[in-house]
Structures are given as structure tokens and as C-alpha cells.
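The structure appears right after this line, and notes come after that.
This one's a predicted model, so the numbers in the text were calculated from it and none came from an experiment.
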Amino acid sequence: MARDVKKRGKPSYTNRRNRQKNLKKKQEKKKLSKSAVKIIKSKWDETKTPRENVRDMGIAFNPNEAVPIREQRKDIIDAVPIDGVSIEVPKPAKKITGRKKNEKQAEFVISNLEQQVKDEEEARANEGRKFKLFHRETELCIYMLARHGEDFQAMTRDPKNLWQYTPKQWAKKIRTHKESEMHKFLETA
């Protein structure tokens, strides 16, 4: 009597059913918003296509369509009219399919995005630049300031100047040290 053998190998795969399932998942993923901006995520409508959603918000889906690029060749070549021949080639008008864009939603989204950009720029301007030196260089700057004050020539001749910094390099290092948070912390302590 033959013993039962466990079937091994790849699981059976039905092409038609699995392909349809994968296509459906792909279509659902396309309609989801992948944007990290909160206002765009909140106004996103899954029933619409991404192009329709973006158009309703008043944002350009394709920046090349929004801002036409000037053709440089037309400026270079002078068109000389010939009798009976028209020079201009008519371009077909683009058809805009679907619903018209929602003006109120577009104004709301654009104003919020502009406000968000202004807030970020103000925060960046108020933040200023953060200066940071290595721990060893901070110790060295503290030592040099205690020993020599603002005399950069004396700092260059100091035996602890192992890296042979020039007076200009010392001036720059001392300036960055004074603007760093470590110097402010040491002054308050």
C-alpha cells in the first residue's frame, strides 16, 4: 500500500482571479492621497481621480501644463511670409473632462498652503543659525580665551595649538564658539 506524500512546491495560482484582485488593489491605492500636507489629505476625495482632486483644490497636477515653456527655436528663426502659405500652425485645443473645479475649496486650500509656507519662513527666520563645535575644539577655545583673551597671534604660538591654526582660523573658531549654545550655557553658569 502506498503512503500519503505531502505535496510540496509552489501553491497553485489562478492567473485571472489574482490579476483582477491585484488590479483592483492598484486602483484603490491610486485614489488614496500620498501627500504629507494635512490640508490636502483632509480635502482629498477617494471617489475622484487624483487629477480631479488636485484640480478641485486649485493645485497644478502637472507643472509643465500649468506653466508653459517658451519654445526657443521660434525666437531664433525669423519667419518670412511666403505668398499663399500660412506660417502659423493651428494647435488643437485641450479638452477638460469631468466636473468644473470647486472655487471655494480651491481658494481655501491655496490660502491655507500659502499661510503654512509663510509660517515656516517666519519660524526659520526667527530661529537663526545654530553654531556647534566639536567637544575638543570647545575645550581648546575656552583654554585659549582664558589664557590669551582676544590675541589671536599668541594663540597661534601656543604649544597647545597642535593643529597649527592661523590667526584667521582662530578668529573664526572663537567667533563660532561665542555664538554657540555651549558658550551661552557657560556664561549663565
Side-chain angles (χ1 to χ4, degrees), residues 25-26 28-46 48-78 101 103-189:
K25 281 182 187 176
K26 202 176 192 182
E28 288 171 7
K29 278 185 184 177
K30 266 188 186 177
K31 291 190 177 184
L32 294 176
S33 172
K34 294 177 185 173
S35 177
V37 182
K38 290 178 184 176
I39 189 75
I40 292 176
K41 264 196 170 177
S42 65
K43 296 292 178 184
W44 197 266
D45 185 10
E46 280 95 22
K48 298 179 185 176
T49 63
R51 189 177 285 270
E52 288 174 348
N53 269 312
V54 170
R55 188 181 64 226
D56 285 352
M57 288 182 218
I59 307 169
F61 184 76
N62 184 357
N64 294 329
E65 290 175 4
V67 181
I69 299 170
R70 222 180 60 184
E71 292 183 24
Q72 294 177 352
R73 291 185 180 182
K74 286 187 178 180
D75 294 343
I76 296 170
I77 301 170
D78 294 331
K101 75 175 180 180
E103 294 294 330
K104 287 182 182 177
Q105 182 181 354
E107 288 176 25
F108 177 73
V109 169
I110 289 172
S111 63
N112 276 351
L113 288 174
E114 288 174 349
Q115 184 63 37
Q116 198 174 8
V117 168
K118 284 180 186 175
D119 293 343
E120 287 176 6
E121 286 177 355
E122 287 174 7
R124 210 176 285 140
N126 294 338
E127 191 175 282
R129 188 172 164 208
K130 291 183 179 176
F131 296 97
K132 194 172 183 182
L133 287 171
F134 292 114
H135 182 68
R136 177 77 178 110
E137 287 183 347
T138 306
E139 288 176 357
L140 198 60
C141 287
I142 293 166
Y143 165 79
M144 292 293 185
L145 282 171
R147 181 124 187 236
H148 304 290
E150 295 291 322
D151 187 12
F152 303 121
Q153 284 291 334
M155 289 181 192
T156 57
R157 290 189 294 269
D158 194 282
K160 283 204 174 183
N161 184 10
L162 300 175
W163 294 274
Q164 298 180 355
Y165 292 135
T166 62
K168 272 191 174 181
Q169 287 173 320
W170 273 119
K172 190 176 179 182
K173 284 205 183 303
I174 298 296
R175 189 180 71 238
T176 54
H177 170 69
K178 286 183 176 178
E179 292 172 357
S180 70
E181 294 174 8
M182 182 63 126
H183 181 71
K184 293 171 187 170
F185 174 74
L186 291 173
E187 279 188 347
T188 57

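A salt bridge is absent between Lys172 and Glu137: the closest approach of a Lys/Arg side-chain nitrogen to an acidic carboxylate oxygen does not fall below 4.0 angstrom.
Between Gln116 and Asn112, the side chains place no donor N or O within less than 3.5 Å of an acceptor N or O (distance only, hydrogens not considered). No side-chain donor from either of Glu179 and His183 sits under 3.5 Å from a side-chain acceptor of the other.
One distance of note links CD1 of Ile174 with CG of Leu145; it measures 4.0 Å at 0.5 Å rounding. With rounding to the nearest 0.5 Å, the separation of NZ in Lys173 from OH in Tyr165 is 4.0 Å. Atom CE in Met182 sits 8.0 Å away from atom CD in Glu139 (nearest 0.5 Å). Rounded to the nearest 0.5 Å, atoms CD (Glu122) and CD (Glu120) are 11.0 Å apart. To the nearest 0.5 angstrom, Met57 atom CE is 5.0 Å from Asn53 atom CG. With rounding to the nearest 0.5 Å, the separation of CD in Gln169 from CD in Gln164 is 10.0 Å.
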(message) I'd like to know whether Leu133 forms a side-chain contact (heavy atoms from CB on, under 4.5 Å) with Cys141, so could you lay out the CA-CA distance, the side-chain angles of the two residues, the decisive distance to 0.1 Å, and finally the verdict.
(response) CA-CA 10 Å; Leu133 287 171; Cys141 287; 4.1 Å; yes
(request) Check the pair Trp44, Val54 against side-chain contact (heavy atoms from CB on, under 4.5 Å), reporting the backbone distance first and the verdict last. (result) CA-CA 8 Å; Trp44 197 266; Val54 170; 4.2 Å; yes
(request) Evaluate side-chain contact (heavy atoms from CB on, under 4.5 Å) for Ile142 paired with His177, printing each intermediate quantity in order. (result) CA-CA 9 Å; Ile142 293 166; His177 170 69; 3.8 Å; yes
(request) Take Trp170 and Leu140 through the side-chain contact (heavy atoms from CB on, under 4.5 Å) test and state the conclusion after the steps. (result) CA-CA 10 Å; Trp170 273 119; Leu140 198 60; 3.5 Å; yes
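Among Lys48, Lys43, Gln105, the single residue meeting the side-chain hydrogen bond (donor to acceptor under 3.5 Å, both in side chains) criterion with Asp56 is Lys48.
Proximity of Phe185 to Glu181: side-chain heavy atoms (C-beta onward) are nowhere separated by under 4.5 Å.
Using modelled atom types, one side-chain atom of Asn161 and one backbone atom of Thr156 make a donor-acceptor pair closer than 3.5 Å.
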